[in-house]
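Have a look at the structure below, then the notes.
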Amino acid sequence: MSFPIAVEAPFRSIVKKPQTRSVISFFLQRNLPRLALLHGTDKQGVHRYAQHYQHHFEPFRRKKLNVLEIGIGGYNNPKNGGRSLRMWKSYFPNSRIFGIDIFDKTPHDEKRIKTFQGSQTDTSFLKRVVDEIGRVDIIIDDGSHHNDHVITTFKFLFPLLADNGIYVVEDTQTSYWSNVQNVDYGGSSDLTAPHTSMNYLKSLVDGLNHEEFTLDDYVPTYFDKHITAMHFYHNLVFIYKGRNNEGSNVIAPATPIK
């Protein structure tokens, strides 16, 4: 079952009732772009993220995962937002979905969805959240989009992500924005500025090949040793976690024959 984007608005008005939306979600559960439209999240339409999420998440769709999304939406209205949480619940039928927001979003709590209130830069709060969840398999940063917040959150949460987990950063366009619509995101038009989230993430790419470095005094970082892949899209980045220890493909010098 599929619905043209052109009928998105009237279609959504038909499925305002949770029970109706739940039934339709069942038939659309493998089509993440359509699920995104159904639930009204901007991951499809305003953005074109859903196609990339489906590409990366499809192999894990039916597994029992713990999915944590930072940023629930709806600003300070407790009842607003929660659209992507419900989308993830539909897409991952056997998983638990968790959300973090600076505002209280408990009205969105339901079976397989739980929310936490706190800042994405409060590491004590983040540690308590992870401790309560247990293993976290997927983390999605759709929070403040401020560059320093994105970097701080990644540095703290990525080491707590499960092995073979996936960390996603959305809306990296703010890396290039210093002041847009009266909001200072801390970005820069300087494509080498180390304080932007994109330049920070780009700095991790070389670490994929750290075993090929010829610097005698180089000590691999945690991220060198645990990032196995990075995928960059328009305003969206996927970082895969695992053991980056394949070894060098350099042929060792031949041992002289005595």
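For clarity, every value in this text was computed on a predicted model and none was experimentally measured. Each residue takes its place number in the sequence, starting with 1.
- Taken together through direct or relayed side-chain contacts under 4.5 Å among Ile, Leu, Val, Met, Phe, Trp and Tyr, V180 and Y75 form parts of separate hydrophobic clusters.
- A donor-acceptor contact shorter than 3.5 Å is absent between the side chain of T174 and the backbone of W177.
- One finds the OH atom of Y53 at 12.0 Å from the CD atom of Q44 (value rounded to the nearest 0.5 Å).
- Taking the side chain as every heavy atom from C-beta outward, S95 and R61 never approach each other to under 4.5 Å.
- Without hydrogens or angle criteria, S188 side chain to A193 main chain gives no donor-acceptor distance under 3.5 Å.
- L236 and H52 make their closest contact through CD2-CB, 3.9 Å (heavy atoms, listed as atom of the first residue, atom of the second, distance).
- Ring orientation note: the planes of F238 and Y233 are nearly perpendicular, at an angle over 60° on the 30°/60° scale.
- A donor-acceptor pair under 3.5 Å links the side-chain atoms of D101 to the main chain of I72, judged by distance alone.
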Derivation of the side chain to side chain contact (heavy atoms under 4.5 Å, CB included) call for F57 and V168: CA-CA 11 Å; F57 289 171; V168 187; 4.1 Å; yes
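- Atom CG in L35 sits 12.0 Å away from atom OG in S84 (nearest 0.5 Å).
- The line from CZ of F98 to CD of E69 is 13.5 Å long, rounded to the nearest 0.5 Å.
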Step by step, work out the side-chain hydrogen bond (donor to acceptor under 3.5 Å, both in side chains) result for D171 and Y185. CA-CA 11 Å; D171 296 337; Y185 289 99; over 6 Å; no
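- Both V130 and I239 sit in one connected hydrophobic cluster of ILVMFWY residues. Membership requires side-chain heavy atoms under 4.5 Å apart, directly or through other members.
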Can you check side-chain hydrogen bond (donor to acceptor under 3.5 Å, both in side chains) on H149 and S144, steps first, answer last? CA-CA 7 Å; H149 294 181; S144 73; 2.7 Å; yes
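- A salt bridge does not link K63 with D137: none of the charged nitrogens is closer than 4.0 Å to a carboxylate oxygen.
- Within the 4.5 Å cutoff, the side chain of V183 has heavy atoms near those of the H146 side chain.
- The existence of a salt bridge linking R86 and E110 is excluded, since no basic side-chain nitrogen approaches an acidic carboxylate oxygen closer than 4.0 Å.
- Smallest separation of non-hydrogen atoms from P33 and A50: CA-CB, 3.6 Å.
- No hydrogens or angles considered: nothing links the side chains of T115 and H108 as a donor-acceptor pair under 3.5 Å.
- K105 contributes a side-chain N or O that, together with a main-chain N or O of G73, makes up a donor-acceptor pair within less than 3.5 Å.
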L157/Q120 under side chain to side chain contact (heavy atoms under 4.5 Å, CB included): CA gap, chis, key distance, verdict: CA-CA 10 Å; L157 282 183; Q120 72 175 94; over 6 Å; no
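- Linking Ile, Leu, Val, Met, Phe, Trp and Tyr residues whenever their side-chain heavy atoms come within less than 4.5 Å places L201 and I70 in a single cluster.
- Two residues are said to be in side-chain contact when any heavy atoms from C-beta on lie closer than 4.5 Å; I138 and F60 fail this criterion.
- Annotation: cation-pi pair K241/F158 present, NZ/CZ under 6.0 Å from the ring centroid and within 45° of its normal.
- The shortest distance between side-chain heavy atoms of V150 and Y200 does not fall below 4.5 Å.
- Each of I139, L204, D141, L161 was evaluated against F154; a single residue qualifies, L204, per the side-chain contact (heavy atoms from CB on, under 4.5 Å) test.
- Expressed to the nearest 0.5 Å, how far OH of Y176 lies from OG1 of T196 amounts to 7.0 Å.
- With no hydrogens or angles considered, no side-chain donor-acceptor pair links Y49 and D142 at under 3.5 Å.
- Crowding of Y222 atom OH: a count of heavy atoms from other residues, nucleotides or ligands under 6.0 Å exceeding 12.
- The side-chain heavy atoms of E170 and H47, taken from C-beta on, include no pair separated by under 4.5 Å.
- Side-chain atoms of D131 do not come within 3.5 Å of backbone N or O of R128 as any donor-acceptor pair.
- Here the NE2-OH distance, from H231 to Y240, works out to 5.0 Å after rounding to the nearest 0.5 Å.
- The cluster map of Ile, Leu, Val, Met, Phe, Trp and Tyr, joined by side-chain heavy atoms under 4.5 Å apart, puts I140 and I113 in the same cluster.
- A distance of 8.5 Å separates CG of D109 from CZ of F116, quoted to the nearest 0.5 Å.
- Counting only N and O atoms by type, the side chains of S197 and N147 include a donor and acceptor under 3.5 Å apart.
- When each of R135, H226, R243 is paired with D163, the side chain to side chain donor-acceptor pair (under 3.5 Å) condition holds for R243 and for no other.
- Residues L126 and I100 are in side-chain contact: their nearest non-hydrogen atoms beyond the backbone lie under 4.5 Å apart.
- In the hydrophobic clustering of this structure, W88 groups with I166; members are Ile, Leu, Val, Met, Phe, Trp, Tyr whose side-chain heavy atoms approach within less than 4.5 Å, directly or through other members.
- The shortest distance between side-chain heavy atoms of M230 and Y167 does not fall below 4.5 Å.
- A distance-only check finds no donor-acceptor pair linking the side chain of K202 to the backbone of T192 [under 3.5 Å].
- Two residues are said to be in side-chain contact when any heavy atoms from C-beta on lie closer than 4.5 Å; K127 and F156 meet this criterion.
- The nearest pair of heavy atoms linking R62 to P93 is NH1-CG, 3.9 Å.
- In terms of heavy atoms, F125 sits closest to Q117 at CE1-O, 3.2 Å.
- Between the side chain of H39 and the backbone N or O of L37 there is no donor-acceptor pair closer than 3.5 Å.
- Although no hydrogens or angles enter the test, the distance criterion places a donor-acceptor pair under 3.5 Å between the side chain of R112 and the main chain of F92.
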